[in-house]
Amino acid sequence: MIILGIESSCDETAAAVIRTDDKKHIELLSNVIATSLTLHAKTGGIIPEVAAREQVKFIIPVIEEAMKVLQNPKQEIDAIAVTVGPGLIGSLLVGVETARTFAYVWQKPLIPVNHLFGHIYANFIGENEIEFPAIALIVSGGHTDLVLMSSHREIKWLGGTRDDAAGEAFDKTGRLLNLDYPAGPQIEQLAKAVKKDIYHFPRPLVGSADFDFSFSGLKTAVLRETQKDEKMNDERIANICYSLQEAVFDILIKKTFRAANKFGVKSILLGGGVTANQTLRKKFESAISTHESSIKLFVPDKKLCTDNAAMIAAAAVFNNEKTDWKKISANPELYFD
Ligand code: KG4
Ligand code: ZN
């Protein structure tokens with residue numbers, strides 16, 4: 001079966017083609033992403049109207065490029081998967097309406113996909129060993145969620161952020177430090193030279209019995225540092241980046257393992273833009289290697305952590321409710337049910 005995936009929930013316009021067999025092994029045939037990030041870097045954040053306009057420009061060329069791996073896309077594609085939410089309404093509509101048009105004109109089944117499920121299913125691309133129950137941690141610019149997967153059909157939300165998402169904490173801190181948007185990758189680079197957690201920023205809710213997160217206090221702690229009567233030189237900025245990473249990652253890892261222990265899981269799955277961070281990946285690997293039970297850690301390829309359409313097509317392989325194109329609509333508020 002060949003699936004065309006389409007993703008346009010935020011500032012990335014993405015299309016991908018995957019092939020799957022009877023055992024649901026997923027082979028990635030193409031993965032094309034265009035982004036309007038450089039426009040948003042100038043304004044320090046995403047302007048929804050600008051993002052939507054760029055989506056309109058990119059969507060057809062990106063889909064066309066992704067389909068180049070096929071000789072006859074119209075014949076070879078069996079289904080089209082599209083992100084229906086959550087996300088920015090203007091951006092989402094571009095992908096959804098394009099997918100509906102293809103489905104109508106080519107008479108193909110359409111599969112609506114929740115973007116957050118997509119981040120989880122990025123782990124299933126090229127991977128057949130994932131055993132349930134599993135805990136999935138999704139950490140992106142808009143979300144920080146812990147989810148228990150007992151099977152592909154039973155996915156239960158355990159908790160999430162009460163205020164800022166983890167990626168948002170990076171981006172807001174980046175703004176205070178005059179870094180480019182999105183700040184995550186630069187914070188990772190700057191922190192690499194540092195060895196000591198000098199500021200030891202607060203770790204809210206780290207010891208609470210629930211699976212909730214709170215990251216908004218971090219930007220306040222960083223703001224307080226930047227307002228001190230000390231010069232903001234490169235060294236101080238790098239130290240702040242390091243301490244910020246330590247605080248965020250400490251919370252993410254402790255909460256994920258609390259959930260993993262409570263539910264006796266066999267696998268931990270990571271996903272979302274923040275999990276592209278090499279330091280976070282290493283910290284998870286090291287925590288898993290010293291853990292008493294044999295939990296397996298799964299992390300998508302770096303390019304599949306941030307928004308892409310391959311993960312949307314992959315999610316459709318396991319939750320493939322083929323829906324009439326007339327019944328599909330964008331839902332910016334979609335969450336875990
Ligand atoms: O999943 P994603 O591409 O988009 C959303 O669905 O939000 O995640 C984007 C977020 C941004 O907040 C960005 O700063 C963060 O992921 N991010 C990182 C890294 N790469 C991207 N955070 C920390 N380290 C990174 N290397
Ligand atoms: Zn995302």
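Both counts, for ligands and for their atoms, begin at 1 and track the order of listing.
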Ligand 1 versus [X]: contacting region, heavy-atom distance under 4.0 Å:
X      : result
Asp307 : both
His115 : side chain
His119 : side chain

Parallel, tilted or perpendicular, as decided by the 30° and 60° cut-offs, for the rings of Phe211 and Phe263: tilted
Phe124 and Phe132 aromatic ring geometry - parallel, tilted or perpendicular at 30°/60° bounds: tilted
Sub-4.0 Å atoms of ligand 1 with respect to non-hydrogen atoms of [X]:
X      : answer
Gly141 : 5 (C), 7 (O), 8 (O), 9 (C), 10 (C), 12 (O)
Gly167 : 12 (O)
Glu188 : 25 (C), 26 (N)
Thr306 : 3 (O)
Pro182 : 13 (C), 14 (O)
Gly142 : 7 (O)

Check against side chain to side chain contact (heavy atoms under 4.5 Å, CB included), Phe58 and Ile63: CA-CA 9 Å; Phe58 288 142; Ile63 293 174; over 6 Å; no
Sphere of radius 2.8 Å around the Zn ion (ligand 2) - protein N, O or S atoms inside: His115 NE2, His119 NE2, Asp307 OD1
side-chain hydrogen bond (donor to acceptor under 3.5 Å, both in side chains) assessment of Glu154 paired with Ser151: CA-CA 5 Å; Glu154 294 162 275; Ser151 70; 3.2 Å; yes
Residue selection (non-hydrogen contact nearest atom 15 (C) of ligand 1) among Val248, Thr173, Val274, Asp11: Val274
Nearest non-hydrogen partners of Glu65 and Val32, listed with the distance: CG-CG2, 3.7 Å
Contact with ligand 1 for Cys10, non-hydrogen, under 4.0 angstrom: no
